[in-house]
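Down below is the structure, laid out as structure tokens.
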Amino acid sequence: MRISIIVANWKMNKSVSEAVRFVQELHSSLTENDEIEVVIAPPFTSLNSLSEKFKDSPIKLAAQNVFCMPDGPFTGEISPRMLKDVGCDYVIIGHSERRDLFNESDEMIHAKIVAAIKNDLIPILCVGERLQELRSGQTEAVLARQLDSALQGLRSTDVERLVIAYEPVWAIGTGETASPEDAQVGALWIRKRIQALFSAKISNGVWILYGGSVNPENAKELLAQRDIDGALVGGSSLDPKAFLKIIQTAVQAKRNK
Ligand code: 13P
């Protein structure tokens with residue numbers, strides 16, 4: 001049985017002191033349990049400070065991006081080895097904001113996935129359709145392209161620990177969530193694609209998260225869906241109380257499954 005994973009993607013928010021304060025508040029109310037993994041993806045500038053805070057904590061650290069090369073003349077970029085060195089276990093790859101605002105191609109995302117795995121980082125691969133793609137019935141074609149290209153050539157053992165976040169682009173930061181039923185359809189479709197690409201065993205083990213305007217009010221129904229193993233939370237992860245509520249909802253949802 002898969003554990004649940006709740007990831008806070010803070011995007012470009014919070015100074016180091018704000019990040020530390022958030023974590024102190026979260027720690028004081030978080031009760032330890034082994035059914036759920038809590039992951040925080042702060043900006044690069046806070047990784048080191050939070051890593052110190054997480055030494056005796058079950059909370060895991062993620063980066064929001066990574067470059068695919070190990071080192072060299074790549075001004076402004078951060079390598080997988082550097083993320084590992086600073087204490088990251090996870091890295092978000094292929095977020096729609098990176099694809100759309102920074103022109104990240106499917107090829108680049110694939111290279112980042114390979115580099116992350118090579119350095120023992122667990123990729124959180126984001127996939128999802130834009131509004132016009134939804135409207136023109138292209139959701140499955142888009143998901144297929146993004147998954148096939150990101151995962152091509154990987155070994156089953158590489159995919160075993162993969163996290164995939166289904167984030168319909170039209171639901172990100174808009175307050176508009178996919179209905180729990182539609183989110184489940186998307187998650188199941190992704191799982192079946194992994195089965196076709198690898199095997200039933202692998203697809204049963206892969207974590208599939210939903211992302212897009214998740215909040216304490218809608219989390220319960222989304223997380224109750226059979227193929228949704230957690231959430232990638234943007235806006236609602238910036239407030240420790242709201243984020244804690246989503247974590248508690250996930251614990252309950254997991255127990256009810
Ligand atoms: P929101 O929760 O703000 O819609 O953001 C979702 C997201 O992009 C998480 O990666």
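Start at 1 and go down the list; that is how both ligands and their atoms are numbered. The residues of the chain are indexed from 1 along the displayed sequence.
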For residues 4-11, run the donor-acceptor check on the side chains, cut-off 3.5 Å, and write out each pair with its distance to 0.1 Å, sequence neighbours left out.
unit_1 : atom_1 : unit_2 : atom_2 : d
Asn9   : OD1    : Lys11  : N      : 3.0
Trp10  : NE1    : Ser237 : O      : 3.0
Lys11  : NZ     : Glu97  : OE2    : 2.8

Spatial distance of atom CD1 (Ile190) from atom CD1 (Ile164) [nearest 0.5 Å]: 6.0 Å
Between ligand 1 and the protein, find all N/O pairs closer than 3.5 Å and give the distance for each.
unit_1   : atom_1 : unit_2 : atom_2 : d
ligand 1 : 2 (O)  : Ser213 : N      : 3.4
ligand 1 : 2 (O)  : Gly234 : N      : 2.9
ligand 1 : 3 (O)  : Gly235 : N      : 2.8
ligand 1 : 4 (O)  : Gly173 : N      : 2.6
ligand 1 : 4 (O)  : Ser213 : N      : 2.7
ligand 1 : 5 (O)  : Lys11  : NZ     : 3.3
ligand 1 : 8 (O)  : Lys11  : NZ     : 2.8
ligand 1 : 8 (O)  : His95  : NE2    : 2.7
ligand 1 : 10 (O) : Asn9   : ND2    : 3.0
ligand 1 : 10 (O) : His95  : NE2    : 2.9
ligand 1 : 10 (O) : Glu167 : OE1    : 3.3
ligand 1 : 10 (O) : Glu167 : OE2    : 2.9

Chi angles and distances behind the side-chain hydrogen bond (donor to acceptor under 3.5 Å, both in side chains) call for Glu129, Trp170: CA-CA 8 Å; Glu129 78 284 2; Trp170 49 269; 2.9 Å; yes
Partner of Tyr90 under side-chain contact (heavy atoms from CB on, under 4.5 Å), chosen from Ile124, Leu121, Leu61, Ile40: Ile124
Heavy-atom side-chain proximity of Met108 to Phe67 below 4.5 angstrom: yes
Side chain to side chain, Gln138 and Arg130, heavy atoms closer than 4.5 Å: no
